[in-house]
Q: 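The following block contains the structure, expressed as structure tokens.
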Amino acid sequence: MNIGLCGLCLFVMGGSAWATAAVESKNVEQWGREEISLKSTRAYDNPFSQVNLQARFTLNTRSVVVSGFYDGAQTWRIRFMPDQQGVWQFTTISNDPELNDQSGSVTVGPPSQGNRGPVRVAKTFHFSYADGTPYFLMGTTLYNWLNRDVALQNETLETLSKSPFTKVRFGLFPKWYEFNRVEPTMYPYVQTSPLKFDLDRFDPDFFRHVEQRLADLDRLGIQADIILFHPYDHLGFSTMDAQHDDAYIRYVAARLSSFRNVWWTMANEYDLFDPDMIPGQKVKDWDRMFQVLENSDPYSHLRGIHNIATWYDHSKPWITHVIIQDGGGHPARRLADARTQYQKPTVVDEYGYEGNNGQGWGNLSGKEEVDRHWEITMAGGYASHGETYVHPGGVLWWAAGGDLVGEAPARLGFLRSIMSSAPFQEISPAPDNADGGAALALKGQYYLLRVESAYSRSLQATEIELEGNGPYQVELIDPWLMKTYKLGYVRGGRQAFQTMMTPSLFRFTKATGIAEGLIAEHVQSLLAKWIGDPTIAEAPKWVPIEVMSEHYSLQFTVGELLADPRTEVLLTQYFPNIPHKGIARALTLEQISGYLGVGVDAEKVKEFGEALAKVPVKSK
């Protein structure tokens, strides 16, 4: 099945003798979803916690154990996402005799059109669908959209259907924060009185609504990145004890992991779960919680965790991809280090939002949003957008959804088209091949070069080393006006040139069968011809490319500087009064004054920057 929930049902009416014989289902597709529904007449004080239910599905020598869940009205369900075609046999296991030892089979056929299976890690730093189709991550943020009214949710889905986004990140618990002060009509737990909850009883109606929205996103071809925990809470969900945290993880995984488009983000800004960051909070055992999640999800959906200031140890085996927040204005600066250190896909899920909400993180122009996204892309990472334009009723896309009005989405769609038309899983950051710009390269075949600096004869030229003798087709790309200009063909080897369009992209693609007379010696001559100015046709002098190792700078946050003993000493020496706790850890010295009103001496900042530049960044 595609998104239908009940292709095969077993109803136990009053004891095992009443169990309806299992019938073979013929309409389940690979990576679809099959549901087994079972009933029991036995009374329980709390059926959520007192009944254990699993089913073992077997195909030849392969075996998958799937946990069931209580769905209200004396009904338990088991959902199965088969990853192989064939006839799967199953048997249930339960401490309730009426649910135990029920058996049957599920026949699984080919996937339907558009069903490519769940997304997996591919080629170390990238993602592909289970059928091998490359997946390009283009994220957006909708933290609280499931907790707003249905009409607004439908508008959001309509907007997404026309957007370039392939992943949406959102929470299950309602978020209580600026522009998020609307109480939802449903919560994950049963209310015992207004805004008071029984944390031992989940609300099936809430989760049915979530399931519908997951199916809606899947229909649009969008991955659902579910944030399980967050600290922006006024109802007690963020301070649950370990027993309730684990029960919540198990229940959510049992209900939702059969949706092929699910990703798990364990927490949003996990490091705020600390009384040093938010008074009244408490640190959670994230390692244990990840292991509970890993053991509860039989399909091994992608798993990560999002920070505000301090990175989690992404080398741990239950982490599939690195998630980074970096609102310091230079979100790509840590990606080389992260790729080297963790050897996993790296996603900057928060780098600041296009909008006008008055906050530094939500007050970016469309150009700043697009520039940051391109910086991350050129550093070999993926990223998630957000929009925070203020509308009546506090309907900001980043929180509530609705409509997109910013300038960035169309340009991010253009970015996605540029990258999707490239061999994006084969090209890698190539600092040894370029100077004056950032390059991605499949050497000898394809190069993408992004140039930020303005055209000036007094500036060092942009340089790129094209392997072999070529020829290469040269295209100039305007990422803001979303235009591509074919400049012609050029020989391989060393190329130095000065462009008069910034930011801009140059795409070099190996060409064959090109007449000798159509091949230029220099990119500069192609630019001169294109702009109609023969006086700039001479190529600048080539300077050997020098790859610089990464050193600390004023672009690093207080938390990052405190994490290295070498830079911690310097920070304390130059700025002994800078706070070491709270939101200051997520800020750079350049941002401290604006966010916290803490004055910093400009001359000392300059001296501190010079001292930092002498300290190399070391991968762990």
Q: So does Asp83 pair up with Arg62, basic N to acidic O under 4.0 Å?
A: yes
Q: Relative to each other, are the rings of Phe127 and Tyr135 parallel, tilted or perpendicular (30° and 60° limits)?
A: perpendicular
Q: If we ignore hydrogens and angles and just use 3.5 Å, is the side chain of Glu375 paired with the main-chain N or O of Ala332 as donor and acceptor?
A: no
Q: Is Arg416 reaching over with its side chain to a backbone N or O of Met138, donor-acceptor style, under 3.5 angstrom?
A: no
Q: May I ask you to decide if Val190's main-chain N or O and Arg201's side chain share a donor-acceptor pair within less than 3.5 Å?
A: no
Q: Examine distances only and state if a side-chain atom of Arg372 and a backbone atom of Tyr351 form a donor-acceptor pair shorter than 3.5 Å.
A: yes
Q: Fit a plane to each ring of His385 and Phe165, take the angle between them on a 0 to 90° scale, and name the class: parallel (under 30°), tilted (30 to 60°) or perpendicular (over 60°).
A: parallel
Q: Looking only at atom types and distance, does a side-chain atom of Asn261 sit under 3.5 Å from a main-chain N or O of Ile222, one as donor and one as acceptor?
A: yes
Q: Could you pull out all residues at least two apart from Tyr44 that satisfy side-chain hydrogen bond (donor to acceptor under 3.5 Å, both in side chains)?
A: Asp96
Q: Any heavy-atom pair between the side chains of Phe197 and Asp203 that's under 4.5 Å?
A: no
Q: May I ask you to check whether Thr92 and Gln102 show a side-chain donor-acceptor distance below 3.5 Å?
A: no
Q: Show the numbers, then the answer: is there a side-chain contact (heavy atoms from CB on, under 4.5 Å) between Leu157 and Leu217?
A: CA-CA 8 Å; Leu157 290 167; Leu217 291 174; 4.0 Å; yes
Q: For the residue pair Trp318 and Phe290, does the interplanar ring angle fall in the parallel (under 30°), tilted (30 to 60°) or perpendicular (over 60°) class?
A: parallel
Q: With Lys344, which residues qualify under salt bridge (Lys or Arg N to Asp or Glu O under 4.0 Å), at least two apart?
A: none
Q: So does Glu269 get a backbone contact from the side chain of His306, meaning a donor-acceptor N/O pair under 3.5 Å?
A: yes
Q: For residues Arg79 and Phe69, determine if any side-chain heavy atom of one lies less than 4.5 Å from a side-chain heavy atom of the other.
A: yes
Q: Crowded around Asp45 CG? As in, over 12 foreign heavy atoms under 6.0 Å?
A: no
Q: Verify, without hydrogens or angle tests, whether Thr192 (side chain) and Asp198 (backbone) share a donor-acceptor contact under 3.5 angstrom.
A: no
Q: So do Pro231 and Gln281 actually touch side chain to side chain, heavy atoms under 4.5 Å?
A: yes
Q: Counting C-beta onward and ignoring hydrogens, is there a side-chain heavy-atom pair between Ser238 and Phe229 closer than 4.5 Å?
A: no
Q: For the residue pair Glu183 and His234, confirm or rule out a side-chain donor-acceptor distance under 3.5 Å.
A: yes
Q: Counting N and O atoms only, with roles assigned by atom type, does the side chain of Gln325 sit under 3.5 Å from a partner on the main chain of Asn307, one being a donor and the other an acceptor?
A: yes
Q: Tell me, please, which residues at least two apart from Phe48 pass ring pair (Phe, Tyr, Trp, His ring centres under 6.0 Å).
A: Tyr70, Phe202, Tyr251
Q: Check the angle between the aromatic planes of Tyr189 and Phe173 and answer parallel, tilted or perpendicular using the 30° and 60° thresholds.
A: parallel
Q: Judged by modelled atom types alone, do Glu350 and Thr141 share a side-chain donor-acceptor pair under 3.5 Å?
A: no
Q: Quick one about Asn154 and Glu158 (side-chain donor to acceptor, distance below 3.5 Å, no hydrogens or angles considered), yes or no?
A: no
Q: Parallel, tilted or perpendicular: which fits the ring planes of His314 and Tyr312, with parallel below 30° and perpendicular above 60°?
A: perpendicular
Q: In terms of ring plane angle, is the pair Tyr299 and Phe80 parallel, tilted or perpendicular, where the classes change at 30° and 60°?
A: tilted
Q: Taking the side chain as every heavy atom from C-beta outward, state whether Tyr143 and Tyr177 have any atom pair closer than 4.5 Å.
A: no
Q: Using side-chain heavy atoms (C-beta onward) and a distance below 4.5 Å, is Asn95 in contact with Val51?
A: yes
Q: I'd like to know if the side chain of Thr140 pairs up with that of Trp397 as donor and acceptor (distance under 3.5 Å, no hydrogens or angles considered).
A: yes
Q: Looking at Asp218 and Leu214, would you say the former's side chain and the latter's main chain have a donor-acceptor pair under 3.5 Å?
A: no
Q: Taking Thr346 for its side chain and Val322 for its backbone only, find out whether a donor-acceptor pair lies under 3.5 Å.
A: no
Q: Using the rule given for salt bridge (charged side-chain N to carboxylate O under 4.0 Å, His left out), can you reason through Lys316 versus Asp287, listing the C-alpha separation, both sets of side-chain angles and the distance that settles it, and then say yes or no?
A: CA-CA 9 Å; Lys316 294 187 174 179; Asp287 288 3; 2.5 Å; yes
Q: Report yes if some heavy atom in the side chain of Phe259 is under 4.5 Å from a heavy atom in the side chain of Ile226; otherwise report no.
A: no
